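The first residue in the sequence is number 1, and the count goes up from there. Every heavy atom of this structure was used, including side-chain atoms; hydrogens, water molecules and symmetry mates were not. These numbers come from a predicted model, not from an experiment.
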Amino acid sequence: MASVYKSISKKKQERPVNDELDDDEDIDMNDLIEDTSDESDEDDDEGEDNQANAASQLQSIKDGFMPKTRVLMLTSRGVTHRHRYLLSDLTALLPHTHKENKLDTKKSGGYNNLLNSLAELHSCNVVFFLEARKRGQDLYLWLSRPPNGPTIKFSVTNLHTMGEMGTGFAGNCLKGGRGVVVFDKSFDEKGPEAVGHTGTEYRGLIREMLRKVFCVPKRGVKGMKPFVDRIIGVFGVDGKIWIRVYEIRESEAGKGSSKETEDGDDKKSAKSKDKGIGGPEVSLVEIGPRFVLTPIVILEGSFGGPVIYENKEYVSPNQVRRDTRLEKASRYAQRRDMQTGHEAKRSTLGLGKEGRERDALDTREVFA
């Protein structure tokens, strides 16, 4: 054993000497050039791999495969039962969502940092935040792409949930399925309403933000079923966005029916043509929820940053309620002025109580 230990100690002593000799040796320039060329080749290979990955992602998007998206859905405190049912209907309608508890918006730090941190915590790249104000009278929708933005603020009106419409998931409309999202031509940058007008580029941004929310990716969603059984329609009319959800209902194709038509005294029978020969008849049934969005402002960052678009035609609900109160007050003031003028006119003509002569049965004489 002693000889073994001596041999190991000799090797340890010889190693640093050999290292020093290797360091002191001269290096040929050709070898150095070859080493640097090898490193540059590796960097070029990495750059080519990154370009190939980006090209493959673009090709996958063109082929119809959306990148992985997850939507964080939550509400603020003070929402009503209708707002809560709206959020539950949307989470049941879209399988790529994550529902979170209510958020307290009255904290000193604000809720912009809280929402961005929640999105990062749950690996969500879209935030769907419903904010209620004035004890649930007003409802606002915030759509954001954390952490860099942009952020769009909407006003939600004409809200109807599935329970109010009395339909729910009926027929073949299953939970966890995908839907076909349809946008009308008004969302195009060069749509029929935008011809000859500038400043309509925000419609394309709104279309992309809504597409991220309602379009379900084909892959990478837990609990998603391979069915396309609903249609989500997004329509832009009168500066507002109308959202409707329809179920694709299939029924057996009819073999044909006969209808009798009367034209004076003559009666003629006509047979309707067979429709859907060899396949079922397809019809659309609205199932809800339905609501209307009015864009208010678009921010550059995620829940903050400079304003890049502002809707000048938007009127806040507070202003509407104030105008209603002023109109009622003006009607009351007008009615009081008319009553005062009528009493003054009667007094000048001697028809009032002061102008009449007192008799024995006058109340002023009886109860004096």
TODO: Write down the atom of L299, the atom of G305, and the distance for their closest heavy-atom approach.
DONE: CD2-O, 4.0 Å
Open item on the list: Which heavy atom of L293 sits nearest to which heavy atom of I243, and what is that distance?
Closed with: CD1-CD1, 3.8 Å
Open item on the list: If you define the side chain from C-beta out and look only at heavy atoms, does anything of F303 sit under 4.5 Å from V127?
Closed with: yes
Open item on the list: Please check this pair: side chain of N158 against backbone of V292, looking for a donor-acceptor N/O pair closer than 3.5 Å.
Closed with: no
Task: E164 with R82: basic N within carboxylate O range, under 4.0 Å - done: yes
Task: Set of residues satisfying salt bridge (Lys or Arg N to Asp or Glu O under 4.0 Å) with respect to R290, sequence neighbours excluded - done: E286
TODO: Scan residues 296-311 for pairs that pass salt bridge (Lys or Arg N to Asp or Glu O under 4.0 Å), counting only residues two or more places apart or in two chains.
DONE: E310-K312
Open item on the list: Looking at H83 and E131, would you say the former's side chain and the latter's main chain have a donor-acceptor pair under 3.5 Å?
Closed with: no
- [ ] Would you check if the side chain of N125 reaches a backbone N or O of R70 as a donor-acceptor pair within less than 3.5 Å?
- [x] yes
Open item on the list: For the residue pair T151 / S144, report whether a side-chain donor-acceptor contact shorter than 3.5 Å exists.
Closed with: yes
Task: Audit row: L74, K102, side chain to side chain contact (heavy atoms under 4.5 Å, CB included) steps and yes/no - done: CA-CA 6 Å; L74 72 164; K102 294 179 181 179; over 6 Å; no
- [ ] Would you please name every residue forming a ring pair (Phe, Tyr, Trp, His ring centres under 6.0 Å) with H98, sequence neighbours left out?
- [x] H122
- [ ] Would you please say whether a donor-acceptor pair under 3.5 Å links the side chains of T97 and T91?
- [x] no
- [ ] Taking all heavy atoms of G236 and all of D184, pick out the closest pair and write down the distance.
- [x] N-OD2, 3.0 Å
Task: Listed partners of R322 passing salt bridge (Lys or Arg N to Asp or Glu O under 4.0 Å), at least two apart - done: none
TODO: Spell out, as yes or no, whether a donor-acceptor pair under 3.5 Å connects the side chain of R77 to the backbone of L103.
DONE: no
- [ ] Of all the heavy-atom pairs spanning M224 and P217, show the shortest one and how long it is.
- [x] SD-O, 3.3 Å
Open item on the list: Determine whether a donor-acceptor pair (N or O, by modelled atom type, separation under 3.5 Å) exists between the side chain of R178 and the backbone of F227.
Closed with: no
Open item on the list: Using modelled atom types and a 3.5 Å cut-off, is there a donor and acceptor pairing between side-chain atoms of R230 and backbone atoms of G177?
Closed with: yes
Could you tabulate the donor-acceptor pairs under 3.5 Å formed by side-chain atoms of residues 332-343, not counting sequence neighbours?
{"from": "R336", "atom 1": "NH1", "to": "Q339", "atom 2": "OE1", "distance (Å)": "3.3"}
{"from": "T340", "atom 1": "OG1", "to": "R336", "atom 2": "O", "distance (Å)": "2.9"}

Open item on the list: Quick check against the 3.5 Å criterion: does S76 have a side-chain atom that pairs as donor or acceptor with the backbone of A132?
Closed with: yes
- [ ] Mark yes or no for whether N311, through its side chain, and P295, through its backbone, hold a donor-acceptor pair below 3.5 Å.
- [x] yes
Open item on the list: I'd like to know if R331 and E327 make a salt bridge, using a cut-off of under 4.0 Å between side-chain N and carboxylate O.
Closed with: yes
TODO: Would you tell me whether E120 and N116 have side-chain atoms, one donor and one acceptor, within less than 3.5 Å of each other?
DONE: no
Task: Nearest heavy atoms of Y85 and T161, plus distance in Å - done: CB-CG2, 3.9 Å
- [ ] Work out which heavy atom in R133 is nearest to a heavy atom in Y140; give both atom names and the distance.
- [x] CD-CE1, 3.8 Å
TODO: Could you check whether the rings of Y202 and Y309 sit parallel, tilted or perpendicular, using 30° and 60° as the cut-offs?
DONE: parallel
Task: Residues that N318 engages under side-chain hydrogen bond (donor to acceptor under 3.5 Å, both in side chains), provided they are two or more places apart - done: R321
- [ ] Spell out, yes or no, whether L141 and I298 are grouped together once hydrophobic residues are joined by side-chain heavy atoms under 4.5 Å, including indirect joins.
- [x] yes
